[in-house]
Visitor: 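Let me begin by handing over the structure; questions about it come next.
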Amino acid sequence: MPTGFRRDSPSSVAIMEVDMDSRPVFVDSQLLSRRAYIATLLNDEVSDEWPSAILQLKNDVIGSNNEKDISMRHGLVPRLLKWLETEYGGPHFQTEVAVVLGSMAMGKANTTEFLMENKAVPIVLKSLTNISRMYTEGLVRCLRYIFKHSAAHSDYLFEENRFGNTYIPHLLSLLPVSPKCQEHIITVLERACQTKEHQQVLLESGAVSVLAPMLWGPYHIQMPTLLCFGKLCYKNPDVCAAVIKEHDTKEAFVNLMARDKPSEMQIEAAKVLTYLHRGGAIPSSDFVISRKTLGTLVRMCKRDRPLMQNVHAAETLACLIEKDVGLQEIASITDHVISTLANYLQFKDVKKMSANSNQEVDWGSEMKRAAFLAFASLTANDEDIREKVIKQDCFIEQVQASLLSDNQLEVIASLKCLHSLTRSVQQIRTVLHDSSVWKPIVDILFQVFSSASEELLGLDKEVGAQGGSPETREKVLLAIGCMCNLALEFSPSREAMLEYNAVELLSELSQSQDAALRFNATWCLMSLAYGSGEQLRVSLISCLTADVLVPRLEDELVTIREKALGIVRNLLTTKHSIDHAVKSLGSSVIEAVFNNIRNPSMPPEVIEQALCVVSNMVDGPSCKAHIISKTEDINSVLQHLKSDNEDLQLPVLQFISNLIHTIDDDHGSFPRAGSYQRMLTLKSMGVPQMLESLIGTSTAEVEKRVHETLKSFA
């Protein structure tokens with residue numbers, strides 16, 4: 001019988017085993033005779049034997065996932081955490097507990113999750129003092145592998161505690177304890193940095209200056225430090241500015257990007273430099289960005305690198321060149337990158353386990369996704385680059401195939417690429433129209449709309465205000481963005497989209513509670529209305545009822561108001577149909593337009609658009625006769641003559657001219673009678689005096705138009 005196991009103790013009969021579903025299961029103690037130390041550790045009556053038992057436990061669990069699992073199932077995790085929390089025993093016993101917990105966290109996923117369920121993160125953080133090197137290493141190792149499994153408990157690091165406002169300064173102070181502590185703590189910080197607020201706390205805690213020297217350390221310190229800097233710098237100009245100010249950091253990143261370094265290190269260093277550039281810390285003209293970083297990423301896209309590195313390199317390249325035309329041009333002629341990325345699209349759909357996780361990855365889909373992201377950035381601005389890309393073998397067919405993928409991220413990437421390509425007038429008129437790329441785009445919108453209309457429109461669910469899931473929302477926004485380009489006047493696809501009920505769909509989406517969806521859908525409708533033919537105009541007017549248009553004309557976002565006013569303006573550009581269009585739109589729509597004109601808090605862009613609407617409106621014969629009796633409405637327009645803004649004065653002058661204009665105006669024996677009466681009405685309102693006051697005080701264009709308008713009063 002092993003020492004410390006008492007036949008008459010309660011545990012000699014049975015030991016309660018903690019099963020994963022939290023139900024007690026009793027196991028015969030004879031089955032556990034070779035692990036008697038478990039019974040000892042669970043028995044409060046033999047506490048004097050705990051030190052030797054914990055040593056046996058440590059020796060068994062280190063290197064054995066099976067032993068970790070057995071210990072967990074028999075309830076040792078809560079007891080270990082309780083000892084740690086209550087600081088039971090002396091430094092030696094506490095060190096053994098810390099080492100065991102550190103080893104337990106390195107086990108299988110279910111063991112790590114069980115630690116998290118038992119609040120291991122807050123308990124370990126509270127107990128994190130430098131009793132000994134092994135004690136500190138054990139606890140930070142426990143934190144590292146918990147966070148490596150899941151960053152769900154990141155917020156615990158940023159809570160107020162006995163060490164300070166957050167645990168970050170305390171963790172940074174433990175870095176000098178040992179190289180192992182450095183490796184573990186930096187990994188914890190990298191995994192825990194999830195939000196901009198987290199980045200700010202790390203910055204204010206001095207993480208940048210503390211971590212910078214680690215970039216010159218050994219590989220096992222450099223890699224987590226690089227990853228941590230990547231998290232810190234991501235979309236944060238303040239952190240980027242602080243990093244570049246730190247002595248030798250830029251040189252360190254360039255050094256880690258050298259060809260003699262491991263390729264995964266080169267990519268991570270290039271990623272940090274990319275974020276520093278995007279954060280405004282390093283200009284695109286810097287040789288480090290335009291040649292070294294860009295060149296490294298293109299080189300990492302080659303097929304002699306592992307698939308994961310191919311994907312990461314293409315993603316990072318897309319980020320680096322996304323906003324800079326010069327970098328896009330350099331990239332397009334660097335080491336055959338276009339053909340290299342085109343080869344990504346030919347990769348077979350092979351599912352393999354990821355090197356960084358136990359999850360199966362569809363590398364064919366991932367390669368396509370990464371390639372389309374890079375192509376989206378490459379083709380964002382330059383027509384020649386678009387031409388080179390679109391001429392790649394079966395390129396448009398590959399885009400259309402990816403639009404139908406089950407991988408939503410691949411769909412999003414292909415939409416981003418298509419959005420860049422639809423900025424080209426030439427491609428819209430030729431290849432994109434011939435390929436009918438608008439069909440899968442409209443299909444995507446209909447599919448999403450029919451399956452999640454409540455979420456997208458926010459009709460009944462509060463989640464609708466956020467547009468459903470992030471992937472669904474982004475997909476819809478990109479699809480509408482592509483439609484905006486395909487709906488432009490010179491696009492031959494706009495009439496074809498009409499047959500696909502695109503107007504009805506956009507009308508529904510313009511009512512979404514999601515501001516971005518409302519804006520993009522309204523913008524697309526405005527593009528369709530511009531220069532629209534009779535059939536399209538009738539379809540727009542029938543769909544855009546007062547219930548749809550008025551809320552947009554009164555939208556809380558002025559940018560949406562501006563686009564909605566643009567819709568009305570574009571529908572009133574064909575003179576012979578103005579009266580019919582105004583009648584169809586209804587008085588509530590026209591009143592909403594005048595409300596924008598009267599509102600002094602509206603920005604000039606919105607007022608200008610509203611003034612253009614009423615200027616177009618009074619070009620209709622019936623509208624002239626109607627508006628001339630509305631003195632209050634006319635005065636609301638005329639008051640903007642006093643503005644110093646030429647953009648407001650010019651549409652008012654056009655309004656006056658259109659109101660007096662005589663062609664197709666009146667009927668009967670005195671065809672100019674209506675025009676003359678309207679001129680007299682405006683004269684009685686002091687319009688000629690208002691116009692004369694602008695002479696000598698306005699721009700040349702305004703004065704020219706004033707003189708032309710005054711002739712109507714002669």
Side-chain angles (χ1 to χ4, degrees), residues 230-231 233-235 240 257 263-264 266-280 282 284 289-303 305 307-345 347 363-382 385-386 388-390 392 395 398-399 402-403 405 407-424 470-471 474-475 477-478 481-482:
K231 283 287 192 72
C233 295
Y234 182 67
K235 293 184 177 180
C240 290
M257 204 166 53
S263 55
E264 68 273 12
Q266 294 181 49
I267 288 179
E268 292 304 327
K271 186 181 292 185
V272 176
L273 287 165
T274 295
Y275 294 158
L276 288 170
H277 162 63
R278 292 298 301 272
I282 309 177
S284 60
I289 297 297
S290 62
R291 292 296 185 270
K292 287 184 175 293
T293 305
L294 195 153
T296 297
L297 292 172
V298 171
R299 181 161 39 84
M300 292 297 159
C301 290
K302 296 295 183 180
R303 289 299 299 274
R305 307 288 173 173
L307 294 177
M308 182 181 294
Q309 291 178 18
N310 283 164
V311 169
H312 288 173
E315 289 173 333
T316 309
L317 178 64
C319 179
L320 177 67
I321 67 176
E322 184 180 12
K323 299 295 183 182
D324 193 281
V325 178
L327 290 179
Q328 292 162 14
E329 292 174 352
I330 294 171
S332 69
I333 57 173
T334 301
D335 203 7
H336 309 286
V337 71
I338 292 176
S339 58
T340 299
L341 292 170
N343 288 333
Y344 279 34
L345 305 179
F347 193 81
W363 287 109
S365 179
E366 283 297 288
M367 292 285 276
K368 292 181 179 70
R369 180 186 64 81
F372 283 131
L373 289 176
F375 280 132
S377 294
L378 274 168
T379 59
N381 296 286
D382 190 274
I385 299 176
R386 293 189 189 115
K388 291 178 184 177
V389 169
I390 215 162
Q392 296 300 305
F395 185 80
Q398 292 283 2
V399 174
S402 289
L403 289 173
S405 172
N407 181 354
Q408 295 306 298
L409 296 179
E410 182 185 341
V411 176
I412 289 170
S414 59
L415 282 169
K416 284 184 177 180
C417 180
L418 197 55
H419 189 252
S420 291
L421 293 175
T422 55
R423 292 174 180 170
S424 166
E471 291 81 11
E474 185 175 7
K475 185 166 67 172
L477 286 172
L478 285 166
C482 292

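Since the structure is predicted, the reported quantities are computational estimates derived from the model, not experimental observations. Index from 1, following the sequence.
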Visitor: Return the CE to NZ distance between M257 and K292, rounded to the nearest 0.5 Å.
Guide: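 That separation rounds to 6.5 Å.
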
Visitor: Applying ring-ring contact (aromatic ring centres under 6.0 Å, His included), name anything that partners Y275, two or more places apart in sequence or on another chain.
Guide: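 Y275 satisfies ring-ring contact (aromatic ring centres under 6.0 Å, His included) with Y234 only.
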
Visitor: So which heavy atom on L415 is nearest to which on C482, and how close?
Guide: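 Looks like O-SG, 3.6 Å.
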
Visitor: Any heavy-atom pair between the side chains of E366 and N407 that's under 4.5 Å?
Guide: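 Result yes, sub-4.5 Å side-chain heavy-atom pair found.
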
Visitor: In the structure I gave you, are the side-chain heavy atoms of I282 and T293 within less than 4.5 Å of one another anywhere?
Guide: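 No - every pair of side-chain heavy atoms lies 4.5 Å or more apart.
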
Visitor: Could you go through the side chain to side chain donor-acceptor pair (under 3.5 Å) check for K368 and Q398 one step at a time?
Guide: CA-CA 9 Å; K368 292 181 179 70; Q398 292 283 2; 5.3 Å; no

Visitor: Are any of the side-chain heavy atoms of E329 and N381 separated by less than 4.5 Å?
Guide: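 No, every pair of side-chain atoms sits at 4.5 Å or beyond.
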
Visitor: Does a salt bridge link K271 with E315, judged by any charged N lying under 4.0 Å from a carboxylate O?
Guide: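 Salt bridge absent between K271 and E315.
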
Visitor: Would a 4.5 Å heavy-atom cut-off, applied to side chains only, mark K388 and I333 as touching?
Guide: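 A side-chain contact under 4.5 Å exists here.
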
Visitor: Apply side-chain contact (heavy atoms from CB on, under 4.5 Å) to residues L345 and F372 and explain how you reach the verdict.
Guide: CA-CA 9 Å; L345 305 179; F372 283 131; 3.7 Å; yes

Visitor: To check you understand the geometry: which heavy-atom pair defines the closest contact between G279 and C240, and what is its length?
Guide: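 Looks like CA-SG, 3.9 Å.
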
Visitor: I need the L373 CG to S414 OG distance, nearest 0.5 Å.
Guide: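 So the gap between those two atoms works out to 9.5 Å.
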
Visitor: Could you tell me the separation between the CD atom of Q309 and the NZ atom of K302, rounded to the nearest 0.5 Å?
Guide: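 Atom-to-atom, Q309:CD and K302:NZ are 15.0 Å apart.
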
Visitor: Looking at every non-hydrogen atom in both residues, tell me the closest pair between S365 and E410 and how far apart they are.
Guide: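 Here S365 and E410 meet closest at OG-OE1, 2.6 Å.
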
Visitor: Using the test side chain to side chain contact (heavy atoms under 4.5 Å, CB included), find all partners of D324 that sit at least two apart in sequence or belong to another chain.
Guide: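 Listed in chain order: S284, L327.
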
Visitor: Quick one, V325 and D382 - any side-chain contact, counting heavy atoms below 4.5 Å?
Guide: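 No, side chains not in contact.
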
Visitor: With sequence neighbours left out, what residues match K235 under side chain to side chain contact (heavy atoms under 4.5 Å, CB included)?
Guide: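 Expected list: none.
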
Visitor: Under the ring-ring contact (aromatic ring centres under 6.0 Å, His included) rule, collect the residues that match up with F375, sequence neighbours excluded.
Guide: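 Counting only residues at least two positions away or on another chain, F375 forms a ring-ring contact (aromatic ring centres under 6.0 Å, His included) with F395.
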
Visitor: State, to 0.1 Å, how close L276 and C233 come at their nearest heavy-atom pair, and which atoms those are.
Guide: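 For L276 and C233, the tightest heavy-atom pair comes out as CD2-SG, 3.9 Å.
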
Visitor: Under the side-chain contact (heavy atoms from CB on, under 4.5 Å) criterion, do T296 and L273 qualify, and how do the steps go?
Guide: CA-CA 11 Å; T296 297; L273 287 165; over 6 Å; no

Visitor: Applying side chain to side chain contact (heavy atoms under 4.5 Å, CB included), name anything that partners E474, two or more places apart in sequence or on another chain.
Guide: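 E474 satisfies side chain to side chain contact (heavy atoms under 4.5 Å, CB included) with I412, K416, L478 only.
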
Visitor: What is the distance from atom CZ of R423 to atom OG1 of T379, rounded to the nearest 0.5 Å?
Guide: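 R423 atom CZ to T379 atom OG1 measures 8.0 Å (nearest 0.5 Å).
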
Visitor: With side-chain contact (heavy atoms from CB on, under 4.5 Å) as the criterion, how do F347 and N310 come out once you've worked through the C-alpha distance, each side chain's angles and the decisive distance to 0.1 Å?
Guide: CA-CA 12 Å; F347 193 81; N310 283 164; over 6 Å; no

Visitor: For residues S377 and I321, report the shortest heavy-atom separation together with the two atoms involved.
Guide: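 Shortest heavy-atom separation between S377 and I321 comes out as CB-CG1, 3.6 Å.
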
Visitor: For the residue pair I385 and Q328, what are the closest heavy atoms and their distance?
Guide: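 Result for this residue pair: CD1-O, 3.7 Å.
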
Visitor: Look only at the side chain of E268 and the backbone of E264, and say whether a donor-acceptor pair between them is shorter than 3.5 Å.
Guide: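 Checking the backbone N and O of E264 against the side chain of E268, no donor-acceptor pair under 3.5 Å is found.
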
Visitor: Which distance, rounded to the nearest 0.5 Å, do you find between the CG of L421 and the NE2 of H419?
Guide: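 One gets 11.0 Å once the value is rounded to the nearest 0.5 Å.
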
Visitor: Could I get the full list of side chain to side chain contact (heavy atoms under 4.5 Å, CB included) partners for S424, not counting sequence neighbours?
Guide: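 Expected list: E383, R386, Q426, Q427.
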
Visitor: How long is the gap from CE on M367 to CG on L341, to the nearest 0.5 Å?
Guide: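 Result: 9.0 Å between the selected atoms.
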
Visitor: Any sub-3.5 Å donor-acceptor pair from R305's side-chain atoms to S263's backbone N or O?
Guide: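 No, because the side chain of R305 does not come within donor-acceptor range (under 3.5 Å) of the backbone of S263.
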
Visitor: Hey, does the side chain of S402 reach the backbone of V399 with a donor-acceptor pair shorter than 3.5 angstrom?
Guide: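 Pair absent, no side-chain N/O of S402 close to backbone of V399.
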
Visitor: Kindly say whether V337 contributes a backbone atom to a donor-acceptor pair with the side chain of D335 at under 3.5 angstrom?
Guide: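 Answer holds: no.
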
